[in-house]
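Reviewing the structure listed below.
Just so it is clear, the values below take in all heavy atoms, side chains as well, and ignore hydrogens, waters and symmetry mates.
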Amino acid sequence: MALFFVVIVFRVFNLQYIEGDKYRKLSQEKTTHNFTILANRGNVYAADGNLLATSMSKYTIRMDAVVVNSKLFEKNIRALSESLSKLLGKSTSYYQKKIREGRKRKNRYLLIARNLGYNDYMKMKSFPIFKEGIYKGGFIAEQSTARVHPIGKIAERTIGYDNVKGGAGIEGAFADYMQGENGSRLKQKIAKGQWRPINDVNEKEPIDGSDVITTIDVNVQDITHHALLKQLEYFEADHGCAVVMEVETGEIKAISNLGRTSDGRYYEKRNYAVWESHEPGSTFKLASLMAALEDKVADTSDVVDCERGKIFINNRKVEDSKAGGHGKISLARVFEVSSNVGIVKTIKKHYDKNPKKFIKRIKSFGLDELTGVKIKGEGKPYIPNPSEKSWSPISLEWMAWGYGVSLTPLQALTFYNAVANDGKLVKPFFVKELRIGGKVEKRFETEILKEKIASKSTLNKVRKIMENTVKKGTAKNIYSSNFSMAGKTGTAKKWIPKHKDDNGKIVYGHYSNKKYVASFAGFFPAKKPKYSCIVVVHSPKKEKGYYGALVAAPVFKDIAQKIYTTTPVNNQSVSDQISYAKVDEKYQNYYKNLRKYKTIMPKVLGMSGMDAIALLENMGLKVKFSGMGKVTEQSIDRGIKVSKGATIYLKLS
């Protein structure tokens, strides 16, 4: 007994004094814990305050199908299944069968729904059985935070993300500003596995992330997205992009990047405008023409013999799109009709013995430099140099009409924007401000990369020629007497890199005779331009058309026309009388229809979603819709009598 007593005393002494600190620490760790308080990630806003990206709570609902007692289960399973059916869409029998099978298999973690919003979560929480809670009703809710884009898929790639995939777009570029700083709170474990704060002294408040105010204009973005989408769908193109920039500031007002899926749909696949560097084709002729004018080796009035539209340089063919060629025309007209022969002969004549002079002038326009835009992944421009091993006897001539050089659409647009901006080269940018709690933390101003890329004389000449290109040149198909535009079409054969075909045979790099890149770059109004814009479409279906004038230019016109209509543009050559008469007529017809269909359901199939929703809501109806674009289905047929407050469901294309 004495020996036993000594052992006990020794053990108590050992626990209390020798190993006491260790066990006290272990005890504290099991009963107290420092919980992380997550900081709110900053929001992304459009220039006009519209929300582009925000964080929202999402809920995954599961059920412990075993914990519910038999009496409660049998009494309410039908009612629970009906409630789930109304909220989630599947049949009552589906949910009843699923839950019964889960109970039979003793599933204590049965999936009911994913990604529910807060309102739906609260509704489900009150459903029969579930309202009894986790221990009696088996209701298990798992909360997570998801990043959502309230305007949908529009500009999704430019708004971007910052997750396990990495950082892309604005979200990725400004991740450090937007993520904030997490806080912490010390809590103590109490009964039933619950935790309570010990006191406020142990708390570190989270610091919310900065909000990002972009330059994007939601109206212009919507116009640009749908104009591009419409053309891509018609021509069944592989992908395309369109960018609208404010001339004076360099603010990007809209950017759309759409790629085609295997089933023919389009989505924001990659940021082609920023990332994809490619041969621009004839839109590069503006740089070639300006180089000759700036070096004073040629003038717009010089006569160029385009012959019969076909010449050979070192056994390589240069050919015009017009059969039989253009004959003898002025250099200005060479640009307007986009004569490949004319521009190549001009550059060869004046720079063949000194190609470095031409390259130097091209680089003076800033075409060999990155724009430095904040978004990650900007493609590198490429301007060949006579000192390189890859330089060949035809490199100079091929540069003249846009081959052998490489630019991203945004880099090309920055150059065109400088021409519109009286020679001032400004850096394009997507973000205007960073704000915390409504207060401006950092403001981004217009950054001038080069005060003057060319003389006033050269700029005035090329701007007039670009205006004539729309009036009577390759882009005359988009000319409008109601508003002015200036620009240049571009059509380039697509370079196919070395690869293996389906049979495993090596196919060497070559220019395709089936795949083309169609483009149009320009600005509007032609005098005192407000916006510059570029449209690039890759691999349109050749049978439907592939020229820049046919594929890309109409997108430019559609964007310009709708911006003229919806956004004030100073000094635009628009007949106010004609425009307002048309607008008034449309409004009269709209309200006439509204009065006519006050109690009778109209046909909205084929109407744009925005117009259909406005019409129906003005009738006093509640409208729920899915998708975007034009109306393809309406839940209440035309001619049916409806009452105020009724709900109609629309499906958009």
Should Glu433 and Arg435 count as an ion pair when the cut-off is N to O under 4.0 Å? yes
Kindly check if the number of other-residue, nucleotide or ligand heavy atoms within 6.0 Å of CD (Glu233) is above 12? yes
Taking the six-membered ring for Trp, are Phe429 and Phe444 closer than 6.0 Å centroid to centroid? no
Indicate whether any N or O donor in one side chain lies under 3.5 Å from an N or O acceptor in the other, for Thr474 and Ser338. no
Can Tyr351 and Asp295 be counted as having a side-chain donor-acceptor contact under 3.5 angstrom? yes
Using modelled atom types only, decide if a donor and an acceptor are shared between the side chain of Gln411 and the backbone of Thr408 within a distance under 3.5 Å. yes
Using only heavy-atom distances, determine whether the side chains of Thr371 and Glu378 contain a donor-acceptor pair under 3.5 Å. yes
Ring geometry between Phe174 and Tyr177 (parallel below 30°, tilted from 30 to 60°, perpendicular above 60°): tilted
Do Asn513 and Lys493 meet the criterion of a side-chain donor-acceptor pair at a distance under 3.5 Å? yes
Is it the case that more than 12 heavy atoms not belonging to Lys476 sit under 6.0 Å from its NZ atom? no
If you measure from the Lys or Arg side-chain nitrogens to the Asp or Glu carboxylate oxygens, is any gap between Lys345 and Glu307 under 4.0 Å? yes
Can you tell me if Thr224 and Ser256 form a side-chain donor-acceptor pair at under 3.5 Å? no
Min side-chain heavy-atom separation Lys269-His239 under 4.5 Å: no
